[in-house]
Each structure stands twice: as C-alpha cells, then as structure tokens.
Number of protein chains: 2
Amino acid sequence: MTKMHKENILSKNQQIIFNLINKSSEPLKAYTILFNVQKKGIKAPPQVYRALDKLVEIGKIHKIESKNAFVACKNSNCEISKATVFSICENCEIIDEVSDVKLSKYLSKFNDKNGMKFKRFNLEFFGLCKKCK
Amino acid sequence: MTKMHKENILSKNQQIIFNLINKSSEPLKAYTILFNVQKKGIKAPPQVYRALDKLVEIGKIHKIESKNAFVACKNSNCEISKATVFSICENCEIIDEVSDVKLSKYLSKFNDKNGMKFKRFNLEFFGLCKKCK
DNA sequence: CTCTAAAACGTTATATTATTACATACTGTT
DNA sequence: AACAGTATGTAATAATATAACGTTTTAGAG
Ligand SMILES: [Zn+2]
Ligand SMILES: [Zn+2]
Ligand SMILES: [Zn+2]
Ligand SMILES: [Zn+2]
C-alpha cells in the first residue's frame, strides 16, 4: 500500500496564481503577478496576497525574503517546504532552490545554545552564477 | 605587534542611528528609527535608509530579511558580517544572532551542484524560544 | 594650504510592497 | 436547511523603500 497524500486542491485564484509562478523562469513579485492576472479577473492586491499566503503555507511556492519575490517549489511533494535553501546570483539575480539532503538534515538538526529547537528555516546564499563569474 | 584594524568612523547620521539600534533590545524597523531620531534632526526616509545601507555594508548592523528590521551585530569586529545566522521566535519575535563557528564554517564552505561559489549567506531559523515553549 | 573627488546630507516627491475592513459567495458537513 | 470554514471582491490605506536633485562636508593628493 503506497502512502496516501492528501491532495491540495487549489481554489480558482490560487490555481491561476500558482500556474503563473510555476511557469515563470524567474521569481515573481506580487504586483507583477497582479498585473499578469488582471485579465483573469484578479484585480486587487488582497486577492494576490491571500493566494500567495496560502500557497506558501501549503509549500507550493516559497518566498525569497531578500527579494520579496515568489518561486514555485521545485521539490515535488516537498518535504522541506519549511526548510528552504536558495542560491541567488548577485549579478543577474537568477535564483535556484538548492536541494541538498545533507545540508537540509544538518540544518534541521541544528540546536542553538539557548536550547531553542527550530521548526523551520530559510537560507539564502549569494554569489555569482556560472555565467556571471 | 597587534593586528591593525581600520577604524570605521561613522558619520553623524550613521552614529545616531547605530546608537539607537545598538541600545535597542529588539530589531528596529526603518520608520520606527525615523520616528525616534526626528528630534535629532533626521527628518526623512532617505536619510535613514542611507545610514542603514552603510551600516549594513560595514557589518555594524544586519537586516532581518523576514522582518524588514535591523539589529546591531553582536559579534564585535564581526568576521562573519556577510555570513549571518539568526534565531527568531515565532511567538514573541525575539531575535538572536547565532554565533556558531562550526555552522558558519560549514555554510561558508558549501558549494552547490552547479559549481556556484558563495560569498555571502543569510540564515534565519524559526521556532519557539524558552519562554514561549 | 588648496584643490578635488568622494561621501554624506537635506528635501520633495513618488514608487513599491502589504494590510485592514467589510460585504458577499461558495464548500462541505451535520 | 443550517452551520462553519474557506474563499472572493472591492475600496481604502498603511508600511516599506527609492528616485532625483542640489548642497555641504570630509579626506587626500599635490
Ligand atoms: Zn521547495
Ligand atoms: Zn548570474
Ligand atoms: Zn554579526
Ligand atoms: Zn518567544
């Protein structure tokens, strides 16, 4: 018996916005998204932000905090949606989701000196990509 | 002969804003800073943002990206100002700069599969602090 | 000291990112 | 049908950040 996954059925707005982000080759900002979905009837910021919040919550997308931009999760059925690692080129701003099991495990196990146990982390690496080097 | 350090002499606005952040027990947002330094003659956002940019650049403060807030660096003469790690309580929002040499070294050495070499990173851990647990 | 270039400053306006508030509609369950 | 929970639509506004421009101060070179 294979393990069952509860389907995450997206609502109309969530689906529209996820599709846009998912097919984009670069992170999208909220107002870029808004502009691009107005023809589909999504006219106001709260509609976009609500969908984004939900999509982040269920791990379909991630927010690149240093850019205020959103990317689709590339780890399908992502088990590390609350443990994200990105590489960001400081020149061309290309962004990749790093999926390195060792690194993720290392960070997931990390405890600080105050005995604080972490549930979630976000790591953003900056450098120059192959092209820009 | 002790190693010489180039003094980072702060300008007037930089010093005012650094003092405020440095004595604060919590991360400060730009407009909170603005409000608090108006009596000292700093009246407009660009003055605050310029000082913040510079202070970040020289490593005296760090930006907590997920909060759009700024904290003073607690690692005096911080050698890892471009390699920051924070722990953030999701409940009370208390923030600490984690200084764990092993972790910093591990991350500084990390190379991704694309052969991208990183110059800088920012890691934010989220969880519940002792009090809030 | 004088000249110069870079850095810092002051100010106004504006751009960008995100939320509040409230009314309405849809979804699945009892 | 009644209910609770989720999602939607809309207007207004809050919060965060930058552009643009002219002036002043600072730090070094000659
Ligand atoms: Zn992911
Ligand atoms: Zn690049
Ligand atoms: Zn530091
Ligand atoms: Zn706490």
Side-chain angles (χ1 to χ4, degrees), chain A residues 6-21 24 26-71 88 90 93 95 122 124, chain B residues 4-21 24 26-71 88 90 93 95 122 124:
Chain A
K6 180 165 184 192
E7 261 323 314
N8 266 313
I9 296 171
L10 301 182
S11 75
K12 181 172 131 281
N13 288 359
Q14 289 158 16
Q15 188 69 61
I16 291 169
I17 287 174
F18 177 70
N19 288 347
L20 182 70
I21 295 171
S24 170
E26 56 184 16
L28 296 178
K29 298 189 160 231
Y31 277 72
T32 304
I33 293 167
L34 176 56
F35 179 80
N36 279 283
V37 295
Q38 283 185 325
K39 49 188 171 296
K40 306 232 176 192
I42 296 175
K43 292 176 193 152
Q47 297 174 284
V48 173
Y49 282 102
R50 284 191 293 232
L52 290 173
D53 286 349
K54 187 71 186 189
L55 290 167
V56 166
E57 187 192 322
I58 65 180
K60 302 281 286 182
I61 66 172
H62 304 302
K63 182 174 187 180
I64 310 295
E65 293 288 356
S66 64
K67 304 286 177 193
N68 299 313
F70 299 85
V71 291
I88 303 170
E90 285 179 311
E93 306 228 318
I95 295 184
N122 179 54
E124 299 180 7
Chain B
M4 292 302 280
H5 283 273
K6 180 164 183 193
E7 259 326 311
N8 267 312
I9 296 170
L10 301 182
S11 74
K12 180 172 131 280
N13 288 359
Q14 289 159 18
Q15 188 69 62
I16 290 168
I17 287 174
F18 176 70
N19 288 347
L20 183 70
I21 295 171
S24 170
E26 56 184 16
L28 296 179
K29 299 187 158 231
Y31 277 73
T32 303
I33 293 167
L34 176 56
F35 178 80
N36 279 284
V37 295
Q38 283 186 326
K39 49 188 170 296
K40 306 232 178 192
I42 296 175
K43 292 176 191 151
Q47 297 174 283
V48 173
Y49 282 101
R50 283 192 291 231
L52 290 173
D53 287 349
K54 187 70 188 191
L55 291 167
V56 166
E57 188 192 322
I58 64 180
K60 300 281 288 181
I61 65 172
H62 304 303
K63 182 175 187 180
I64 310 295
E65 294 288 356
S66 65
K67 304 286 176 192
N68 299 313
F70 299 84
V71 291
I88 303 170
E90 284 179 312
E93 307 227 318
I95 295 184
N122 179 53
E124 298 181 7

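- DNA chain C contains the following stems of three or more consecutive Watson-Crick or G-U pairs, with both distances under 3.5 Å: C:1-30 with D:1-30.
- You'll find that the side chain of B:Asn13 is closest to C:dC9, out of C:dC9, C:dT17, D:dT8.
- The side chain of A:Tyr49 approaches C:dT19 more closely than any other nucleotide in the set D:dA17, D:dA7, C:dT19.
- Under a 3.5 Å cut-off, the side chain of B:Lys40 and the backbone N or O of B:Asn13 do not form any donor-acceptor pair.
- To the nearest 0.5 Å, atoms CG (B:Leu20) and CD1 (B:Ile33) are separated by 6.0 Å.
- When rounded to the nearest whole Å, the span between CG of A:Leu52 and P of D:dT8 equals 12 Å.
- The separation between A:Lys54 atom NZ and D:dT8 atom P is 10 Å, rounded to whole Å.
- Between the P atom of D:dA7 and the CZ atom of A:Phe18 lies a distance of 16 Å, rounded to the nearest Å.
- Distance CD1/B:Ile9 to CD1/B:Ile58: 10.5 Å, rounded to 0.5 Å.
- The shortest heavy-atom contact between B:Leu10 and B:Leu55 is CD2-CD2, 3.9 Å.
- Counting only distance, with no hydrogens or angles, the side chain of A:Glu124 and the backbone of A:Glu65 share a donor-acceptor pair below 3.5 Å.
- The distance from atom CG of A:Leu10 to atom C1' of D:dT6 is 14 Å, rounded to the nearest whole Å.
- In this structure, the side chain of A:Lys63 does not engage the main chain of A:Asp53 through any donor-acceptor pair within 3.5 Å.
- The side chain of A:Lys63 contributes no N or O atom lying less than 4.0 Å from OP1 or OP2 of C:dT17.
- Non-hydrogen atoms lying under 4.0 Å from DNA chain D are contributed by A:Lys43, A:Ala44, all within residues 28-45 of chain A.
- Remark: P of C:dA18 and CG of A:Asp53 are 10 Å apart, rounded to the nearest angstrom.
- Nearest heavy-atom pair, B:Ala69 versus B:Lys29, reported as atom, atom and distance to 0.1 Å: CB-CG, 4.2 Å.
- The shortest distance between the side-chain N/O atoms of B:Lys12 and the OP1/OP2 oxygens of C:dA8 is not below 4.0 Å.
- Following rounding to the nearest Å, A:Gln15 (CD) and D:dT8 (C1') show an atom-to-atom distance of 16 Å.
- Of the side-chain N and O atoms in A:Ser11, none sit less than 4.0 angstrom from OP1 or OP2 of C:dC26.
- In plain terms, the two heavy atoms of B:His62 and B:Gly59 that are nearest each other are CE1-O, 4.2 Å.
- In this entry the distance linking CD1 of A:Ile16 with P of D:dT8 reads 9 Å, nearest Å.
- In terms of heavy atoms, A:Leu34 sits closest to A:Ala44 at CD1-N, 3.8 Å.
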Contact list (N/O, under 3.5 angstrom) for nucleotides 19-27 of chain D vs protein:
none

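- Toward the 5' end of DNA chain C, the nearer of the two residues B:Gln47 and A:Asn68, judged by each one's closest nucleotide, is B:Gln47.
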Just do the side chain to side chain contact (heavy atoms under 4.5 Å, CB included) check on A:Ile17 and A:Ile61 with the steps written out, would you?
CA-CA 10 Å; A:Ile17 287 174; A:Ile61 66 172; 6.0 Å; no
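- In this structure, B:Gln14 places its CD atom 8 Å from C1' of C:dA8, rounding to the nearest Å.
- In this structure, B:Asn122 CG and A:Ser66 OG are separated by 8.0 Å, a value rounded to the nearest 0.5 Å.
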Residues B:Val37, B:Gln47; criterion side chain to side chain contact (heavy atoms under 4.5 Å, CB included); working and verdict:
CA-CA 10 Å; B:Val37 295; B:Gln47 297 174 283; over 6 Å; no
